[in-house]
Amino acid sequence: MSENKLPPGQHEIDAILRWNIDHEGIIPDNPKIDLNSWALIVDGDVENSVKLSWQDFLKLPSVESISDFHCVETWSVRDCKWCGVKFSTLVNIVKPSKNARNVFFKCLDGYTTSLGLKDLLKDNVLLAYKLNGKLLEVPLGGPVRLIAPDKYAYKSPMWIERVTFTYKKELGYWEKKGYSDTADVWAEDRRTR
Ligand SMILES: Nc1nc2c(c(=O)[nH]1)N[C@H]1C(S)=C(S)[C@@H](COP(=O)(O)O)O[C@H]1N2
Ligand SMILES: [Mo]
């Protein structure tokens, strides 16, 4: 049990309930993913763009990080034990140019979101591929999703296929519909309108 406080306006739910929450996802089902053809493309304003196969991805150094997960709809799941590649590890590989200040994520369901590069360099931000010791299942965003614990979960894209470094900020799916782009859980940045 973690003793840390939940952010303002959030309540804890049992982790198992998460499976039953009817997210207003942008497609009705989970995407079909074949790990033999899956790849993560990292491109944009970088020195070395890369296309990582599943095997390439698993070879990157990984860490474990325990964090709480907060949906803007007010539910939180405590103590998620994620394993994944720190976003900063990927940054060191692709070497963004000094103009790159934002990162745009595109997912296999068509979902999009973006974050500032500075926020992504925090130690608790991972490209996660395991949860509580098991490979991340597709319904929870596997093979690879972002985890950014200080942001509402719409900034934790599931089923990532492309990560693009940019100078300009491009708003994502929920941000365009009026959800906060800062999405800071501690400041309770939920909506802009
Ligand atoms: N690709 C993709 N990622 C997404 C979403 C989505 O619809 N598609 N929904 C977001 C929202 S609003 C939430 S609350 C979390 C849900 O993650 P969970 O299913 O692991 O609880 O995923 C986020 N990432
Ligand atoms: Mo959400």
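Each ligand, and each atom within it, is numbered from 1 in the order the structure gives. By convention here, the first residue in the shown sequence is residue 1.
Any N or O atom pair closer than 3.5 Å counts here, and R145 shares at least one such pair with ligand 1. Among the atoms of Y111, none of the N or O lies under 3.5 angstrom from an N or O of ligand 1. Checked by distance only, ligand 1 and W75 stay at 3.5 Å or farther apart across all their nitrogen or oxygen atoms.
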Chi angles and distances behind the side-chain hydrogen bond (donor to acceptor under 3.5 Å, both in side chains) call for S65, S67: CA-CA 6 Å; S65 175; S67 58; 5.0 Å; no
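Using a 4.0 Å cut-off to heavy atoms of C71, the atoms of ligand 1 that qualify are 14 (S). Here is the list of ligand 1 atoms found below 4.0 Å of a heavy atom in P157: 3 (N), 24 (N). Atoms of ligand 1 lying under 4.0 Å from any heavy atom of C107, numbered from 1 in the order shown and given with element: 1 (N). With ligand atoms numbered from 1 in the order given, ligand 1 contributes 19 (O), 20 (O) to contacts under 4.0 Å with heavy atoms of L140.
For the pairing with S76, the side-chain hydrogen bond (donor to acceptor under 3.5 Å, both in side chains) check across E12, H70, H11 returns one residue only, H70.
Judged by distance alone, the side chain of K155 and the main-chain N or O of D181 form a donor-acceptor pair under 3.5 Å. Between the side chain of R190 and the backbone N or O of V72 there is at least one donor-acceptor pair closer than 3.5 Å.
Residues passing the side-chain hydrogen bond (donor to acceptor under 3.5 Å, both in side chains) test with E161 are K106, sequence neighbours excluded. Taking N99 as the reference, D45, S97, Y167 meet the side chain to side chain contact (heavy atoms under 4.5 Å, CB included) condition, with sequence neighbours excluded.
Of all the listed residues (T112, D109, T113, L136), D109 holds the heavy atom that lies closest to atom 1 (N) of ligand 1.
Using a non-hydrogen distance threshold of 4.0 Å, G141 does not register as a contact of ligand 1. At least one heavy atom of F69 sits closer than 4.0 Å to an atom of ligand 1.
The aromatic ring centres of Y154 and W174 sit 6.0 Å or more apart.
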